[in-house]
Peer 1: 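Please find one structure pasted underneath; my questions will follow.
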Amino acid sequence: MDTRQFIQRDETCWEIKATGRMRVPAVIYADAQLLEAMDRKVYEQLANVATLPGIVDAAYAMPDAHWGYGFPIGGVAAFDPDQGGVVSAGGVGFDISCGVRTLQTGLTMDQLQTHKQALADALYRTVPAGVGSRGRIHLNHDSMHGMLTGGAQWALEQGFGEEQDLERIEERGCMAGAEARYVSPKARERQKDEMGTLGSGNHYLEVQRVAKIFDHEVAKVFGLRVDDVVISIHCGSRGLGHQIGSEFLTDMAMAAAKYQISLPDRELACAPLNSPLGKQYLGAMRAAINCALANRQIITHLTRQAAETVFPGIHLGLLYDVSHNTCKVEQHMIDGQKKSLYVHRKGATRAFGPGHPDLPEQFSETGQPVLIGGSMGTSSYVLCGTKDGEQRSFSSACHGAGRAMSRSQATKRWQGRTLVDELAARGIIIRSPSMRGVAEEAPLAYKDVSVVVDVADRAGLARKVAKLEPVICIKG
DNA sequence: ATGTAC
């Protein structure tokens with residue numbers, strides 16, 4: 001898009017002042033090249049978000065932002081319930097609490113090298129992947145309720161994982177305020193056989209090598225060294241989150257008139273935080289967050305089982321687990337006053353800085369680990385939250401590379417089989433039930449994650465700690 | 001993202 005319409009605040013921060021119905025400015029974090037390449041829709045959607053009731057400070061876009069449903073993906077917006085603030089299903093996204101966690105294997109690349117194929121086989125056999133994939137766990141009414149209210153803590157009680165995992169998960173693995181009664185029978189039905197499955201699209205389980213360290217002090221606290229092997233899991237709340245998102249999107253669109261909210265775009269459907277519908281959505285959304293946390297916890301257990309068959313006695317410790325699609329109540333300073341705000345992050349990572357009270361003690365000096373998943377065959381990054389991020393983006397950072405091309409465009413340009421062969425030639429093993437899915441996820445269908453992460457670092461949203469390169473990728 | 005159209 002045309003960069004001339006923006007006021008450039010600094011090298012990586014671009015602002016459009018509030019005009020017309022906008023209540024706050026729109027701010028995009030990008031360098032000139034990323035901004036030029038960004039779809040004009042990102043700005044239009046951001047300007048629309050800025051018109052919503054009760055929005056505070058600014059509507060933000062992260063450097064990986066692209067066109068989404070209503071809100072841009074890579075969008076951050078915070079609302080004040082005391083000023084008529086709203087919650088929007090489109091502002092959270094369909095795959096509620098989709099996120100990434102990274103496990104440390106204690107292995108070095110030397111130890112993995114001769115077992116690569118065996119580990120790929122074991123992981124592909126053990127972790128169900130693909131559209132409609134089902135697991136071995138089947139939830140009844142009671143266990144469904146336990147999962148929806150207990151999240152990863154529930155999964156742990158069922159024997160999936162280790163007690164020490166919990167402190168490395170946002171909300172200690174259990175999102176408070178989940179209200180299972182607002183999760184419809186249909187959402188439950190879709191989920192009952194899908195626990196512990198990866199799903200499809202950009203979801204994956206990836207074995208990675210630590211390729212580079214940028215901040216040695218922080219990397220030491222995180223326990224990362226060059227040539228260490230880690231395993232990252234990227235997935236969300238599967239059919240349940242999608243069903244909840246769809247249902248509330250419809251309900252919110254129909255309720256807009258009742259709440260006298262005039263929407264510049266129907267896709268921005270929302271409800272006042274203090275309204276019954278707003279509260280029902282928050283309760284259901286938090287249950288979906290628990291579903292995603294439980295799902296990643298169960299997949300972690302399956303990953304540990306698979307690794308054990310290849311490396312007997314191995315221990316996989318959790319570095320951290322971040323969610324990308326959420327609305328959370330957080331304390332932030334607005335005009336010198338501490339306020340409880342409802343922060344929507346859609347395709348954006350929470351990135352609390354050093355000293356934040358919600359961080360476990362071991363990260364109090366480093367800030368929160370921020371896990372950035374790259375596209376298939378490209379790098380991923382570990383960053384850490386900053387103090388500056390609090391003022392810049394409600395302590396938020398980018399979540400990945402961000403698509404540069406649509407899925408259908410990608411399938412016209414690339415063939416899955418060819419991509420798998422090309423990546424194999426570079427020493428990267430891809431396992432997937434869907435070659436079409438692989439084509440849709442072609443590395444060049446995404447922005448360059450290294451550029452995106454550099455901008456996030458220079459903008460002060462989060463700081464680079466380590467670069468990870470793929471070795472094995474189980475693709476949904 | 002998604003029982004890839006309800």
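So that the names make sense, note that chain A is the first sequence line, chain B the second, and so on, each numbered from 1.
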Peer 1: Test of understanding: with salt bridge (charged side-chain N to carboxylate O under 4.0 Å, His left out), list the residues that count as partners of A:R431, not counting sequence neighbours.
Peer 2: A:D121
Peer 1: Where along residues 139-151 of chain A does a heavy atom fall under 4.0 Å from DNA chain B?
Peer 2: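 Hits under 4.0 Å, by residue number: none.
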Peer 1: Can you list every pair that meets side chain to side chain donor-acceptor pair (under 3.5 Å) and has a residue in residues 124-133 of chain A, with sequence neighbours left out?
Peer 2: A:S133-A:R238
Peer 1: Mind checking salt bridge (charged side-chain N to carboxylate O under 4.0 Å, His left out) for A:K116 and listing every partner two or more places apart, or none if nothing turns up?
Peer 2: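 A:K116: no salt bridge (charged side-chain N to carboxylate O under 4.0 Å, His left out) contacts found.
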Peer 1: Salt bridge or not for A:E440 and A:R436, using N-O below 4.0 Å?
Peer 2: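 So A:E440 pairs with A:R436 through a salt bridge.
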Peer 1: What nitrogen or oxygen pairs link the protein and nucleotides 3-6 of chain B at under 3.5 Å?
Peer 2:
from: B:dG3; atom 1: OP1; to: A:R190; atom 2: NH2; distance (Å): 2.2
from: B:dG3; atom 1: OP2; to: A:E194; atom 2: OE2; distance (Å): 3.1
from: B:dG3; atom 1: OP2; to: A:R238; atom 2: NH1; distance (Å): 3.4
from: B:dG3; atom 1: O6; to: A:K186; atom 2: NZ; distance (Å): 3.4
from: B:dG3; atom 1: N1; to: A:R190; atom 2: NH1; distance (Å): 3.4

Peer 1: Taking only residues two or more places apart in sequence, or in another chain, which ones meet A:Q409 in a side chain to side chain contact (heavy atoms under 4.5 Å, CB included)?
Peer 2: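 Only A:M405, A:S406 meet the side chain to side chain contact (heavy atoms under 4.5 Å, CB included) criterion with A:Q409.
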Peer 1: What's the CG-P distance between A:N325 and B:dT2, to the nearest Å?
Peer 2: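 Distance, rounded to whole Å: 11 Å.
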Peer 1: Show me the donor-acceptor pairs, under 3.5 Å and distance only, between side chains in residues 373-382 of chain A and residues at least two apart or in other chains.
Peer 2:
from: A:S375; atom 1: OG; to: A:T378; atom 2: OG1; distance (Å): 3.1
from: A:T378; atom 1: OG1; to: A:S375; atom 2: N; distance (Å): 3.0
from: A:T378; atom 1: OG1; to: A:S375; atom 2: O; distance (Å): 2.7
from: A:S380; atom 1: OG; to: A:Q208; atom 2: NE2; distance (Å): 3.3
from: A:S380; atom 1: OG; to: A:G374; atom 2: N; distance (Å): 3.0
from: A:Y381; atom 1: OH; to: A:S450; atom 2: OG; distance (Å): 2.7

Peer 1: Among all residues two or more places apart in sequence or in another chain, which pass the side chain to side chain donor-acceptor pair (under 3.5 Å) test with A:Q45?
Peer 2: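 Once residues adjacent in sequence are excluded, A:Q45 has no partner under the side chain to side chain donor-acceptor pair (under 3.5 Å) criterion.
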Peer 1: Please report, to 0.1 Å, the donor-acceptor pairs under 3.5 Å made by any side chain of residues 271-282 of chain A, with sequence neighbours excluded.
Peer 2:
from: A:N274; atom 1: ND2; to: A:P81; atom 2: O; distance (Å): 3.1
from: A:S275; atom 1: OG; to: A:P272; atom 2: O; distance (Å): 2.6
from: A:S275; atom 1: OG; to: A:G278; atom 2: N; distance (Å): 3.0

Peer 1: Within the structure shown, what part of the strands sits under 4.0 Å from A:G241 by heavy-atom distance: base, sugar-phosphate, or nothing?
Peer 2: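 The residue A:G241 makes no contact with any strand.
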Peer 1: A:G201 near the nucleic acid: base, sugar-phosphate alone, or nothing, with a heavy-atom cut-off under 4.0 Å?
Peer 2: sugar-phosphate
